[in-house]
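We number each residue from 1, following the sequence as shown.
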Amino acid sequence: SVAVMGGAAVLIPPGPATINHVAIPLVLFPGVWALLFFYACLETRLSRCSAALLLLVVANGGLIGWHFWNTAQLTAAT
């Protein structure tokens, strides 16, 4: 849940009020959670479900790490 929210905040660019990249993931979170929950409940093979959810968590964690790495590089350069 936290990885999906953090990854979505990195993917969505800030809007004119600079809060869209935080507000939109908050609004979309219940739908994303429901989709993942029902997928986990309806999937017949637990290993495939675990692999898919683990891949999603790793991908979102990578996005968050990449964002922090680039932010740190820009901060260090100034």
Hey, can you pull the donor-acceptor pairs under 3.5 Å for the side chains in residues 44-52, sequence neighbours left out?
unit_1, atom_1, unit_2, atom_2, d
R48, NE, E43, OE2, 3.1
R48, NH2, E43, OE2, 2.8
S50, OG, L46, O, 3.0

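- Within 6.0 Å of CZ on F68 lie no more than 12 heavy atoms contributed by other residues, nucleotides or ligands.
- Residues that satisfy the ring-ring contact (aromatic ring centres under 6.0 Å, His included) test with F37, not counting sequence neighbours, are W33.
- Under the side chain to side chain contact (heavy atoms under 4.5 Å, CB included) criterion, L56 pairs with V4, L36, N60, sequence neighbours left out.
- Residue pairs satisfying the salt bridge (charged side-chain N to carboxylate O under 4.0 Å, His left out) criterion with at least one member in residues 50-77, sequence neighbours excluded, are absent.
- A single hydrophobic cluster is not seen to contain both L63 and V57; linkage of ILVMFWY side chains at heavy-atom distances under 4.5 Å, directly or through other members, places them apart.
- With sequence neighbours left out, V58 forms a side chain to side chain contact (heavy atoms under 4.5 Å, CB included) with L54.
- Screening residues 68-77 for salt bridge (charged side-chain N to carboxylate O under 4.0 Å, His left out), with sequence neighbours left out, gives no hits.
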